[in-house]
Amino acid sequence: MSTLRKRRLNQPTEPEDDSAPLSLASVATIDYSSEDPAHPVEHLVDEHTGPGGSYWAAAHADTTEQLILVFDQPQSVTRLVYEVEETERERTQEVHVEASTDAGRSYRRLQVQEYTFSPRGSTFQQEDLRFDLHNLTQLRLTVVPNKRGSGVATLTSLRLFA
């Protein structure tokens with residue numbers, strides 16, 4: 001058998017990712033504006049990801065919510081992956097991602113993304129963001145659940161990579 005290296009033409013190649021996931025439970029505290037007791041913030045980091053996974057949900061509908069990761073020590077972050085799912089109603093949810101290197105005195109906007117959900121169409125979205133952040137002290141996610149329609153702020157999972 002030959003040891004020839006080969007690759008089919010026109011096949012997309014995935015970039016090699018050597019980043020390691022951060023254990024958020026051991027490196028940060030998650031501050032949150034509200035949570036539904038049936039869907040606590042712990043569900044963001046419980047590794048039950050993907051469609052149908054456990055999720056964090058706010059306690060009240062149509063209220064903008066915040067989640068702030070407060071790191072014990074400044075961190076370097078190269079990647080942020082989060083998931084959003086809505087299977088029950090048609091609505092547009094917006095997520096803002098902001099970073100702070102000065103313990104939350106100021107934030108720099110990294111991403112603003114809208115997700116439009118329809119029970120008869122799109123119900124799940126995954127965002128995979130690449131960064132080169134150093135000395136990160138806080139990461140803030142602001143979730144606007146009702147840009148269009150009505151609903152509760154939700155996130156299915158949240159993972160950071162060093």
Whether the side chain of [X] engages the backbone of [Y] through a donor-acceptor N/O pair (distance < 3.5 Å, no angle test) should be reported.
X	Y	value
Asn146	Thr63	no
Ser100	Thr137	no
Glu42	Val45	no
Thr156	Thr49	no
Arg140	Gly104	no
Ser34	Ala58	no
Glu127	Gln125	no
His43	Tyr55	yes

Q: Might you confirm whether atom CD of Gln113 has over 12 heavy atoms from other residues, nucleotides or ligands at distances under 6.0 Å?
A: yes

Q | OH (Tyr115) with more than 12 external heavy atoms under 6.0 Å | A | yes

[Y] and [X] side chains, donor-acceptor separation under 3.5 Å:
X	Y	value
Gln111	Arg109	no
Asn135	Thr101	no
Thr116	Thr92	yes
His134	Asp132	yes

Any heavy-atom pair between the side chains of [Y] and [X] that's under 4.5 Å?
X	Y	result
Ile68	Leu141	no
Tyr107	Gln138	yes
Val95	Val112	no
Val84	Gln93	yes
Leu24	Leu160	yes
Thr64	Thr142	yes
Leu67	Val41	yes
Leu155	Glu83	no

Heavy-atom closest pair, residues [X] and [Y]:
X	Y	answer
Phe124	Pro51	CE1-N, 3.6 Å
Thr87	Pro119	O-CB, 3.5 Å
Ala61	Val152	CA-CG2, 3.8 Å
Ala99	Leu133	CB-CD1, 4.4 Å
Ala28	Phe71	CB-CD2, 3.8 Å
Ala153	Pro145	N-CB, 3.3 Å

Q. Does the distance from a Lys or Arg side-chain N to an Asp or Glu carboxylate O, for Arg148 and Glu90, drop under 4.0 Å?
A. yes

**Q.** Residues Arg108 and Glu98 bridged, charged N to O under 4.0 Å
**A.** no

**Q.** Worked verdict on Phe131 versus Thr78 for side chain to side chain contact (heavy atoms under 4.5 Å, CB included)
**A.** CA-CA 5 Å; Phe131 302 113; Thr78 60; over 6 Å; no

Approximate separation, where rounding is to 0.5 Å, of [X] [atom1] and [Y] [atom2]:
X	Y	atom1	atom2	answer
Arg159	Ser23	CZ	OG	13.5 Å
Leu80	Phe161	CG	CZ	9.0 Å
Thr154	Asp36	OG1	CG	11.0 Å
Ser118	Glu86	OG	CD	10.0 Å
Arg91	Ser150	CZ	OG	8.5 Å
Leu139	Leu110	CG	CG	7.0 Å

Q. Checking side chain to side chain contact (heavy atoms under 4.5 Å, CB included) for the pair Gln66/Val143: CA distance, chi angles, key distance, verdict?
A. CA-CA 6 Å; Gln66 287 192 337; Val143 183; over 6 Å; no

(Q) Please identify which of these residues, Val97, Asp128, Leu44, meets the side-chain contact (heavy atoms from CB on, under 4.5 Å) condition with Tyr82. (A) Val97

Q: Find out if a path of hydrophobic residues (ILVMFWY) with successive side-chain heavy-atom gaps under 4.5 Å connects Val81 to Leu129.
A: no

Q: Decide yes or no on side chain to side chain contact (heavy atoms under 4.5 Å, CB included) for Ile30 and Val70, but give the supporting numbers first.
A: CA-CA 6 Å; Ile30 300 179; Val70 181; over 6 Å; no

